[in-house]
Amino acid sequence: MSLKDTINKNNLPKHLAIIMDGNGRWAKQKGLLRALGHENGTKSVRLTVETCARLGIENLTLYAFSTENWNRPKLEVDTLMKLLVNSLKNELPTLEKNNIRLNCIGNIDMLPAKAKSALLSVIEKTKNNTRMTLTLALSYGSREELLNVVKIISDKVKNNIISTDTIDESIINEHLYTRNLPDVDLVIRTSGEHRISNFLLWQIAYAEFYFTDVLWPDFKEDDLYAAIISYQKRERRFGKTSEQIK
């Protein structure tokens, strides 16, 4: 029996988030330029997106480019932005074929004009697709996101739009980039690193974590299946006891 056949389709994460790590190390191990690592990483993106859609996962969020990544060498950043533009153009038919809606979270105003234009174009063309929402975290940092939330809510309190007495989790959720997405159920991080890297800090409060040594360009269907199977074997208690859950 294959790994895929052991997956319980009735217990899938409603929101899967992936920290795609290891493109540079993959290239270095093979004596290649880092750019080729990122390029090969796009193949894993396509494979993962299509596999998640087939499985029935409703929301997939991929950590594509963080606010901290702007500090990388200019050549690498420029290469990543060109790769983003090309990938968006090349993957539009795949998104349309699989009825996938593209979404984006992050400070996209920092993106080069060409990359932002390509991104918004694909978002618009796929806005009515319903099978799965694919969210790209681009120029994204969770601390920046939360800081923006504090500023916006503070302004609303100052202008008597809302009262401090009414501020609760739902108010905060309404002001996040992810306001239209459910909380994350499962976070996968590739490449053997065991950290969150400023990713969806509010949204992963009760997420399960799965870490694998596999570098992102080598991440295949069975690696995804293994993560989901691990998730399905866990007891999610959300602060309650095992007895209460049962």
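For reference, positions follow the sequence shown, starting with 1.
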Where is the tightest heavy-atom contact between S191 and D21, given as atom of each residue plus distance? OG-OD2, 2.8 Å
Just so I know, are the side chains of I229 and T6 near enough to count as touching, which here means a heavy-atom distance under 4.5 Å? yes
CG of N173 to CG of D183: how many Å apart, nearest 0.5 Å? 6.0 Å
Using side chain to side chain donor-acceptor pair (under 3.5 Å), reason through E144 and T67 one step at a time and then give a plain yes or no. CA-CA 8 Å; E144 180 181 74; T67 51; 5.6 Å; no
Straight-line distance of S121 OG to L102 CG, nearest 0.5 Å: 10.5 Å
Is E58 salt-bridged to K14, cutoff N-O under 4.0 Å? no
Is the closest side-chain heavy-atom distance between W216 and I18 below 4.5 Å? yes
Under 6.0 Å from the CG atom of L147, do we count more than 12 heavy atoms belonging to anything else shown? yes
Are I105 and I123 linked, directly or through other ILVMFWY residues, by side chains that come within less than 4.5 angstrom of each other? no
Could you see if I108 belongs to whatever hydrophobic cluster contains M81? Use Ile, Leu, Val, Met, Phe, Trp, Tyr and a side-chain cutoff under 4.5 Å. yes
Compare every heavy atom of V214 with every heavy atom of T190, then report the nearest pair and how far apart it is. CB-O, 3.1 Å
Short question: side chain of S154, backbone of V150 - any donor-acceptor pair under 3.5 Å? yes
Does R34 reach the main-chain N or O of K28 with its side chain, forming a donor-acceptor pair under 3.5 Å? no
Looking at T166 and S163, would you say the former's side chain and the latter's main chain have a donor-acceptor pair under 3.5 Å? yes
Does some side-chain heavy atom of I153 sit less than 4.5 Å from a side-chain heavy atom of I162? yes
For a quick test of reading the model, state the closest non-hydrogen atom pair linking P217 to G37 and the distance between them. CG-O, 3.8 Å
Tell me, with the steps shown, if R25 and E193 meet salt bridge (charged side-chain N to carboxylate O under 4.0 Å, His left out). CA-CA 12 Å; R25 272 166 285 168; E193 302 291 351; 3.2 Å; yes
Please check if the side chain of D223 supplies one atom and the backbone of K220 the other of a donor-acceptor pair under 3.5 Å. yes
Taking side chain as C-beta onward, heavy atoms only, is Y177 less than 4.5 Å from N148? yes
Assess the side chains of S142 and W202: does a donor N or O sit below 3.5 Å from an acceptor N or O? no
N-O pairing of D78 and K74 below 4.0 Å: yes
Has D168 got a side-chain atom pairing as donor or acceptor with S170's backbone, closer than 3.5 angstrom? yes
Do R179 and E174 sit within salt-bridge range, that is, some charged N less than 4.0 Å from a carboxylate O? no
How close do T61 and H15 get, heavy atom to heavy atom, and via which atoms? OG1-NE2, 2.7 Å
Once you round to the nearest 0.5 Å, how far does CG of D218 lie from OG of S44? 7.0 Å
Residues I100 and N129: closest non-hydrogen pair is O-ND2, 2.9 Å
Within the side chain of E39, is there an N or O that forms a donor-acceptor pair under 3.5 Å with the backbone of L83? no
Over 12 foreign heavy atoms within 6.0 Å of NZ, K156: no
Decide whether T42 and R46 meet the rule of one side-chain donor and one side-chain acceptor closer than 3.5 Å. no
Tell me if a side-chain donor or acceptor on E145 pairs with a main-chain N or O of L176 at a distance below 3.5 Å. no
Examine the side chains of W26 and N40 and answer whether a donor and an acceptor come within less than 3.5 Å of each other. no
hydrophobic_cluster_shared for V49 and L16, side chain cutoff 4.5 Å: yes
Below 30° counts as parallel, above 60° as perpendicular, anything between as tilted: where do the rings of Y63 and F199 land? parallel
In terms of side-chain geometry, is the basic nitrogen of K4 or E221 positioned less than 4.0 Å from the acidic oxygen of its partner? no
I'd like to know if the side chain of T178 and the backbone of L181 have a donor-acceptor N/O pair within less than 3.5 Å. no
V45 and L186: same hydrophobic cluster, using ILVMFWY side-chain contacts below 4.5 Å? yes
Just by modelled atom types, is the L3 backbone N or O under 3.5 Å from a matching donor or acceptor in the D222 side chain? no
Side chain proximity check, P73 to E76, heavy atoms < 4.5 angstrom: yes
Keeping S139 on the side-chain end and N107 on the backbone end, is there a donor-acceptor pair under 3.5 Å? yes
Stepwise side chain to side chain contact (heavy atoms under 4.5 Å, CB included) test for I196 and F209: CA-CA 10 Å; I196 305 306; F209 292 85; 3.2 Å; yes
Worked check of side chain to side chain donor-acceptor pair (under 3.5 Å) between T79 and H38: CA-CA 9 Å; T79 299; H38 296 305; over 6 Å; no
Check the hydrophobic clustering (I, L, V, M, F, W, Y; side-chain heavy atoms under 4.5 Å; chains of links allowed) and say if L92 and M132 are grouped together. yes
Using a distance-only test with no angle check, is there a side-chain donor-acceptor pair under 3.5 angstrom linking S87 and N90? no
